[in-house]
Amino acid sequence: GAASLPGAPTCPMFPADSYWHARVDALPADPNSATYVANAGATSGVHADFGAGLYDGGPIGIPFVTVPGAQPKVPVDFDYADESDPGPYPIPANAPVEGGSASSGDRHVLVVDRDACRLYETWSSYPQRGGASWTAGSGAVFDLTSNAMRPATWTSADAAGLPILPGLVRYDEVASGEIDHVIRFTAPRTANAYVWPASHKAGSGGASDPPMGAWLRLKGGYDISRFSAQNQVILRALKKHGMVLADNGSALYMSGAPDPGWNNSDLNLLKSVPGSAFEAVDVGLTRI
């Protein structure tokens, strides 16, 4: 599958044969699975880093916005310009920022041009002159109809060099009964290495830690019957598609988009799923 965004119905969320939609439930476990899982957070519970309402004045999760092709493009000045796609970007002056306008966190901004089916993403994003221009740590542009990837060693708006939006858990997907893609997650330490589909490393740990791009899946025999219908959709996706390590952060934090439809109390129950219920998937590729 390649379900589109509600705000961009004619654009796929990358092609149906993209790695984002791959099934990994039948692939072998990685030989380093036990070590990777232990270091990613075997004793931690999986955490839904998204929800309804506000936390510390900002949306809970990573927001995104869709714009028409006529949206004016504005200059973006990047700290890591040598690994960023140059502007201008069609970022509205009032574009939602991860964590809210006053956030000091990652401050991702995700914008989809729904006419051109282009995804624009920036990290550490700050509006200048009322949004007439922006500064950002790094940025990347993706064609939602293409499987083209970042050049090797390049970052994106994410440490692993991956697009962020296709890995978010969205409420509209859960409401439909299926998440058709791998889910983005973070780990507290990563090796100074990356594996496909990642293109960039941002090591914060040692060689025994999982590399950027490491793929985990919920074990097929893990019983999810006690969970709500909402959470079962998420857990089935974790068995079928798994989750890909995209950034350094809190242990087993799954990324998602904020939405008023989320039941925060119910999402909180996912913490009862321990990291030990996951295993690393062997995708047959070598660390870089």
Side-chain angles (χ1 to χ4, degrees), residues 1-27 46-50 61-64 66 108 110 112 114 117-121 140 142-150 156-187 195-199 212-218 220 224 229-247 252-259 261-262 267 270 273 278-281 283 285:
S4 60
L5 292 173
T10 63
C11 299
M13 190 45 57
F14 290 99
D17 61 353
S18 166
Y19 65 86
W20 283 106
H21 306 289
R23 292 189 63 158
V24 299
D25 47 344
L27 293 179
V46 69
H47 181 95
D49 195 21
F50 51 90
I62 303 177
F64 65 90
T66 65
H108 288 113
L110 314 182
V112 174
R114 57 178 174 264
C117 294
R118 294 289 189 275
L119 169 62
Y120 298 80
E121 299 187 337
F142 298 92
D143 181 350
L144 293 173
T145 69
S146 168
N147 284 331
M149 300 174 72
R150 303 291 285 165
S156 59
D158 219 350
L162 301 171
I164 296 170
L165 183 57
L168 300 184
V169 179
R170 306 195 321 261
Y171 181 75
D172 62 283
E173 298 173 306
V174 171
S176 76
E178 182 181 12
I179 296 172
D180 70 350
H181 59 80
V182 63
I183 295 169
R184 177 188 187 270
F185 85 103
T186 62
V195 295
W196 184 92
S199 63
M212 288 294 178
W215 213 302
L216 302 187
R217 67 172 171 227
L218 185 61
I224 64 173
Q230 169 185 259
N231 287 344
Q232 285 191 37
V233 174
I234 298 171
L235 294 171
R236 283 197 301 271
L238 289 172
K239 289 186 177 188
K240 183 177 179 180
H241 300 289
M243 56 185 186
V244 66
L245 180 53
D247 202 354
L252 304 181
Y253 269 46
M254 295 185 300
S255 301
D259 194 283
W262 291 120
L267 288 173
L270 289 169
V273 181
F278 289 81
E279 58 191 352
V281 178
V283 296
L285 297 166

Quiz item: Can you name the residues that form a side chain to side chain donor-acceptor pair (under 3.5 Å) with Ser18, not counting sequence neighbours?
Solution: none
Exercise. Please name the pair of heavy atoms, one in Leu119 and one in Pro163, separated by the smallest distance, quoted to 0.1 Å.
Key: CD2-CB, 4.1 Å
Quiz item: Out of curiosity, Trp215 CH2 to Met243 CE, how far, rounded to the nearest 0.5 Å?
Solution: 12.5 Å
Practice problem: Please answer whether the main-chain N or O of Ala22 pairs with a side-chain N or O of His241 as donor and acceptor at a distance below 3.5 Å. | Solution: yes
Exercise. Kindly give the heavy-atom pair with the smallest separation between Ile62 and His108, and that separation in Å.
Key: CG2-CB, 4.2 Å
Practice problem: Identify the two heavy atoms, one from Pro197 and one from Gly213, that lie closest to each other, and give their separation to 0.1 Å. | Solution: CD-O, 4.0 Å
Self-check item: Those residues that, when tested against Arg236, pass side chain to side chain donor-acceptor pair (under 3.5 Å) (two or more places apart)
Solution: none
Practice problem: Could you walk me through whether Met13 and Leu144 pass side chain to side chain contact (heavy atoms under 4.5 Å, CB included), step by step? | Solution: CA-CA 6 Å; Met13 190 45 57; Leu144 293 173; 4.1 Å; yes
Exercise. Measure the shortest side-chain to side-chain distance between Pro12 and Ser4 over non-hydrogen atoms and say whether it is less than 4.5 angstrom.
Key: no
Quiz item: Judged by atom type as modelled, is there a donor-acceptor pair below 3.5 Å linking the side chain of His181 to the main-chain atoms of Pro166?
Solution: yes
Quiz item: Can you name the nearest heavy-atom pair linking Leu162 to Glu121, along with the distance?
Solution: O-OE1, 4.3 Å
Self-check item: Spatial distance of atom OG1 (Thr10) from atom CG (Leu5) [nearest 0.5 Å]
Solution: 10.5 Å
Quiz prompt | Non-neighbouring partners of Phe50 that pass ring-ring contact (aromatic ring centres under 6.0 Å, His included), sequence neighbours left out | solution = Trp262
Self-check item: Set of ring-ring contact (aromatic ring centres under 6.0 Å, His included) partners for Phe142, sequence neighbours left out
Solution: none
Quiz item: Donor-acceptor pair, Thr186 side chain versus Asp247 backbone, under 3.5 Å?
Solution: no
Quiz item: Within a strict 4.5 Å, meaning less than it, do heavy atoms of the Trp20 and Val244 side chains meet?
Solution: yes
Quiz item: Are Ser199 and Arg150 close enough that a side-chain donor and a side-chain acceptor fall under 3.5 Å?
Solution: no
Quiz prompt | Under the side chain to side chain donor-acceptor pair (under 3.5 Å) test, residues paired with Asn231 that sit two or more places apart | solution = Asp266
Exercise. Report the distance from atom OH of Tyr171 to atom CG of Asp259, rounding to the nearest 0.5 Å.
Key: 7.0 Å
Practice problem: State, with a plain yes or no, whether a side-chain heavy atom of Arg184 is found less than 4.5 Å away from one of Ile164. | Solution: yes
Self-check item: Side chains of Asn147 and Tyr19 in contact at under 4.5 Å (non-hydrogen atoms)
Solution: no
Quiz item: Nearest heavy-atom pair of Ala140 and Ala157: which atoms, and what distance?
Solution: CB-N, 4.4 Å
Self-check item: Residue pair Thr66, Arg114: steps toward the side chain to side chain donor-acceptor pair (under 3.5 Å) verdict
Solution: CA-CA 6 Å; Thr66 65; Arg114 57 178 174 264; 3.2 Å; yes
Quiz item: Rounded to the nearest 0.5 Å, how far does CG of Leu165 lie from OG of Ser255?
Solution: 11.5 Å
Quiz prompt | Atom of Ala214, atom of Phe185 and distance for their closest heavy-atom approach | solution = O-CE2, 4.1 Å
Quiz prompt | Residues that Thr145 engages under side chain to side chain donor-acceptor pair (under 3.5 Å), provided they are two or more places apart | solution = Asp143
Quiz item: Just how far is it from atom CG of Leu235 to atom CD of Gln230, taken to the nearest 0.5 Å?
Solution: 10.5 Å
Practice problem: Check whether any side-chain N or O of Arg217 sits under 3.5 Å from a backbone N or O of Leu27 as a donor-acceptor pair, and report yes or no. | Solution: yes
Exercise. Inspect the contact between Asp180 and Lys240 and indicate whether a charged nitrogen and a carboxylate oxygen are less than 4.0 angstrom apart.
Key: no
Practice problem: Using side chain to side chain contact (heavy atoms under 4.5 Å, CB included) as the criterion, point out the one residue from Asp25, Ile234, Leu238, Val46 that pairs with Leu218. | Solution: Leu238
Quiz item: Would a 4.5 Å heavy-atom cut-off, applied to side chains only, mark Leu168 and Met254 as touching?
Solution: no
